[in-house]
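What follows is one structure encoded as structure tokens, with my remarks underneath.
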Amino acid sequence: MSRIDTFVWDARFDTGIPIVDAQHKQLVDAVNLLGNELLQGDVSEERLQALFHQLAEYARHHFSDEEDMMRTLAIDERHRLEHIAFHRQFVEQLVSIWKSRASLAKPAETVHGFLASWLTVHILGEDQSMARQFERLNKGEAAADAFAAEKKSEDMGTSILLGAMGRLYSLLSEQNAHLLTLNLGLEERVEARTHALAEANSRLASEQVELTELLHKVEDAQQQLLQSEKMAAIGQLAAGVAHEINNPVGFVNSNLGTLKTYAETLLTVIKAYESSDPAQIADALQKADLEFMREDLPSLLAESQDGLNRVTKIVQDLKDFSRVDQADRQPSDLNAALESTLNVVANEIKYKADVVRELGDIPQVDCVLAQINQVFMNLLVNAAQAIPERGKIVIRSGLENDHVWFEIEDTGKGMSAEIQQRIFEPFFTTKPVGKGTGLGLSISYDIIVKKHGGRMDVRSVIDKGTCFRLWLPLTAPVST
Amino acid sequence: MSRILIVDDEDSILKSLKRVLRLAPCVYGNQTFTLEISAFNTPQAALEAARTEEFDLFLSDYRMPVMDGIEFLKAAKEIQPDTARLILSGYADLNALVRAVNEVGIDRFIGKPWNDYDLMSAIGQALAHRELLLENRQLANLVRVEMGDISPEQFEAERLERIEPGITEVNWGPDGSVVLDPEFQTRE
């Protein structure tokens with residue numbers, strides 16, 4: 001840390017005007033105090049500011065005292081104005097150097113050096129000149145004469161030196177002021193840039209929040225679409241499923257009615273036996289046709305049992321199929337799932353095609369069963385609808401390394417290359433209005449490829465048929 | 001004795017129907033019909049039977065493989081136009097119903113699951129209606145013969161035609177010969 005050369009009071013500074021000298025000494029002390037404090041480095045900004053203001057205030061106070069004095073004593077106007085200009089310059093200079101001190105290499109030395117030098121020049125120059133003129137005025141000389149005498153008496157060399165110093169300071173002052181404005185402009189620009197950056201940043205942040213929200217909305221909508229496509233498919237299946245249920249319910253119901261008649265007849269026969277009246281017994285037996293009943297009853301019961309089992313099965317399969325309670329991945333037997341879906345859509349298929357099963361031995365697959373069922377249903381219904389009159393649907397499954405595969409092949413109309421290219425597009429359908437949503441295959445693709453990390457492809461020949469093949473990894477990667 | 005033909009691709013349905021129709025009396029108004037049932041599980045087999053035997057009533061399922069109930073009844077109507085026609089179906093599709101009424105003129109559409117009593121009375125009503133129609137036509141023809149509107153030959157021809165549709169038509173071959181077996185001749 002460098003030392004400051006203390007600004008020492010010199011006898012030559014004396015003007016002979018007590019109040020002015022006292023104030024000058026005070027200023028010198030204030031300048032030294034500020035310089036030292038600045039040099040300390042660990043002095044708080046508040047204290048520095050306070051000292052500076054004290055100094056500036058005192059300088060102003062001193063200047064106004066001098067200026068008052070000049071006016072009261074009616075010094076020559078030329079000197080007075082010049083003197084005041086010097087004061088102003090000092091104040092401006094002081095303020096600007098103070099403001100820019102942060103950017104100075106050695107703020108303490110510079111500020112202190114400036115103040116000390118300026119005061120030295122000013123006191124030795126203007127103030128001494130002022131004091132001499134006052135003296136002449138006191139002796140009764142006219143102000144103009146005093147001014148002229150002062151000009152004349154001045155040692156040429158000193159006068160030129162002081163004038164040059166004065167100009168130098170004023171130049172420095174201008175330069176400094178210019179630098180300060182530049183500096184301020186720069187700061188303003190930096191601030192504006194920072195502000196703009198901050199704004200852009202916050203805009204980006206809010207945009208990101210918006211995007212995240214939108215993404216959530218899209219995800220929600222997709223989930224809804226998935227569910228509603230399934231509901232639409234179930235709706236389309238409903239009539240078929242109703243048929244599938246109404247048939248067994250129909251004959252079981254009718255059989256129960258028959259059974260009731262049989263039971264009544266048998267009870268009548270038993271009653272006749274209980275009465276032990278041979279005539280009654282003979283009559284009851286003759287009406288009863290026991291022989292027929294004996295033969296028919298077991299088959300009636302067996303058929304009814306079978307019918308109820310069928311209803312139970314289809315209801316269970318429907319439940320498996322539409323399962324919304326199990327949305328999680330779990331190891332699932334997909335051959336069984338395919339069978340159960342086949343049962344749900346049986347009514348769409350059995351009047352159109354014979355189903356040939358070539359199911360391989362496959363391990364359980366980690367998947368969301370309800371979604372895979374939905375894919376199976378879409379493929380099976382499509383296969384049946386592709387068959388114009390009557391045909392064949394072959395379902396196959398198998399294991400290949402760490403993937404299981406399924407094939408659903410029909411002997412239907414087949415598809416042209418153009419249609420094949422578009423089948424996975426949402427809302428693309430070749431079915432008549434009201435028959436298809438155009439979402440089945442796009443959703444199937446989404447389920448197999450995106451949600452389960454599998455693969456799905458198709459081969460098709462016009463008028464020969466279509467075969468969809470899908471692969472599922474045994475352990476699905478974590479879906480997004 | 002009224003002869004009834006039943007077609008359904010579901011054997012259990014056929015058996016349950018046979019049980020009901022055997023047991024319950026088929027009554028309409030003061031008429032009681034005893035029924036004789038012929039059951040078939042394919043429309044083709046049923047059509048075969050309709051060509052060789054006379055029936056009073058056809059009761060058909062709607063959804064069946066290869067040929068649906070409406071196609072079957074249409075074909076059966078060509079063979080036996082005066083036979084009553086009923087559909088028993090669990091598939092309540094409006095399109096099917098409209099076609100059944102407009103294309104085949106069915107007497108009744110009965111839904112599955114059916115109520116045995118309703119089924120029996122529907123059959124009884126259809127049989128009674130058919131008998132009434134036939135009797136009316138017979139009487140009207142008698143009146144026409146008496147009034148000289150139609151000749152006894154025409155009357156007899158109509159009777160024969162009713163028994164064996166197409167019997168009074170002569171199928172001419174291109175060389176002027178008469179083709180007796182219509183199977184070998186494309187109609188119209």
Side-chain angles (χ1 to χ4, degrees), chain A residues 236-265 287-289 292-293 295-311 314 346-355 384 387 389-391 434-435, chain B residues 6-26 34-35 37 39 41-44 59-72 86-97 109-123:
Chain A
Q236 283 174 347
L237 289 181
V241 171
H243 183 254
E244 223 36 34
I245 289 178
N246 284 341
N247 254 333
V249 168
F251 67 76
V252 168
N253 189 41
S254 173
N255 283 347
L256 269 182
T258 308
L259 189 61
K260 187 179 165 216
T261 322
Y262 286 2
E264 279 162 5
T265 315
K287 279 185 187 155
D289 195 359
F292 182 84
M293 263 195 261
E295 207 176 294
D296 191 39
L297 254 178
S299 77
L300 182 153
L301 291 173
E303 284 157 28
S304 304
Q305 191 76 57
D306 170 63
L308 285 181
N309 287 343
R310 270 168 56 190
V311 174
I314 189 111
N347 205 66
E348 305 296 319
I349 292 179
K350 69 177 175 196
Y351 302 110
K352 296 296 274 299
D354 300 310
V355 177
I387 296 170
E389 290 290 329
R390 193 163 179 83
K435 275 278 181 188
Chain B
I6 325 177
V7 201
D8 199 304
D9 60 327
E10 173 92 56
D11 282 321
S12 297
I13 296 269
L14 291 177
K15 290 181 91 171
S16 71
L17 286 174
K18 270 156 97 176
R19 288 187 187 107
V20 177
L21 299 177
R22 187 187 77 89
L23 280 178
C26 193
T34 40
L35 310 177
I37 314 293
N41 60 9
T42 66
Q44 297 92 318
L59 175 64
S60 172
D61 185 18
Y62 170 56
R63 281 201 96 165
M64 293 177 287
V66 186
M67 178 185 257
D68 70 26
I70 292 167
E71 287 165 25
F72 163 72
L86 272 63
I87 282 183
L88 177 66
S89 172
Y91 191 81
D93 174 356
L94 185 65
N95 275 339
L97 246 153
F109 189 102
I110 304 160
K112 282 179 189 168
W114 67 91
N115 175 310
D116 287 345
Y117 177 79
D118 289 348
L119 177 70
M120 294 306 286
S121 62
I123 291 175

**Item:** chain A contact via B:Ile13 - side chain, backbone, both or neither, heavy atoms under 4.5 Å
**Value:**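 For B:Ile13, the contact with chain A is made by backbone and side chain together.
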
**Asked** Side chain, backbone, both or neither: which part of B:Asp9 has an atom under 4.5 Å from a heavy atom of chain A?
**Response**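 Contact with chain A is through the side chain of B:Asp9 alone.
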
**Message:** What residues of residues 254-264 of chain A make heavy-atom contacts with chain B at a cutoff under 4.5 angstrom?
**Reply:**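 At a heavy-atom separation under 4.5 Å, chain B is reached by A:Ser254, A:Asn255, A:Gly257, A:Thr258, A:Thr261, A:Tyr262.
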
**Request:** Considering only heavy atoms, give the residues of residues 296-309 of chain A separated from chain B by less than 4.5 Å, sorted numerically, with 'none' for an empty result.
**Result:**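 A:Asp296, A:Ser299, A:Leu300, A:Glu303 fall under the 4.5 Å cut-off.
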
**Prompt:** chain A contacts: which residues in residues 113-122 of chain B have a non-hydrogen atom closer than 4.5 Å to it?
**Reply:**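 Contacts with chain A: B:Pro113, B:Trp114, B:Asp116.
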
**Asked** Does some side-chain heavy atom of B:Arg63 sit less than 4.5 Å from a side-chain heavy atom of A:Asn247?
**Response**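 No, too far: nothing below the 4.5 Å cut-off.
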
**Request:** Can you see which heavy atom on B:Pro65 is nearest to which on A:Tyr351, and at what distance?
**Result:**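 For B:Pro65 versus A:Tyr351, the nearest heavy atoms are N-CD2, 3.4 Å.
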
**Request:** Would you please name every residue forming a salt bridge (charged side-chain N to carboxylate O under 4.0 Å, His left out) with A:Lys350, sequence neighbours left out?
**Result:**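 A:Lys350: salt bridge (charged side-chain N to carboxylate O under 4.0 Å, His left out) contacts with A:Glu244.
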
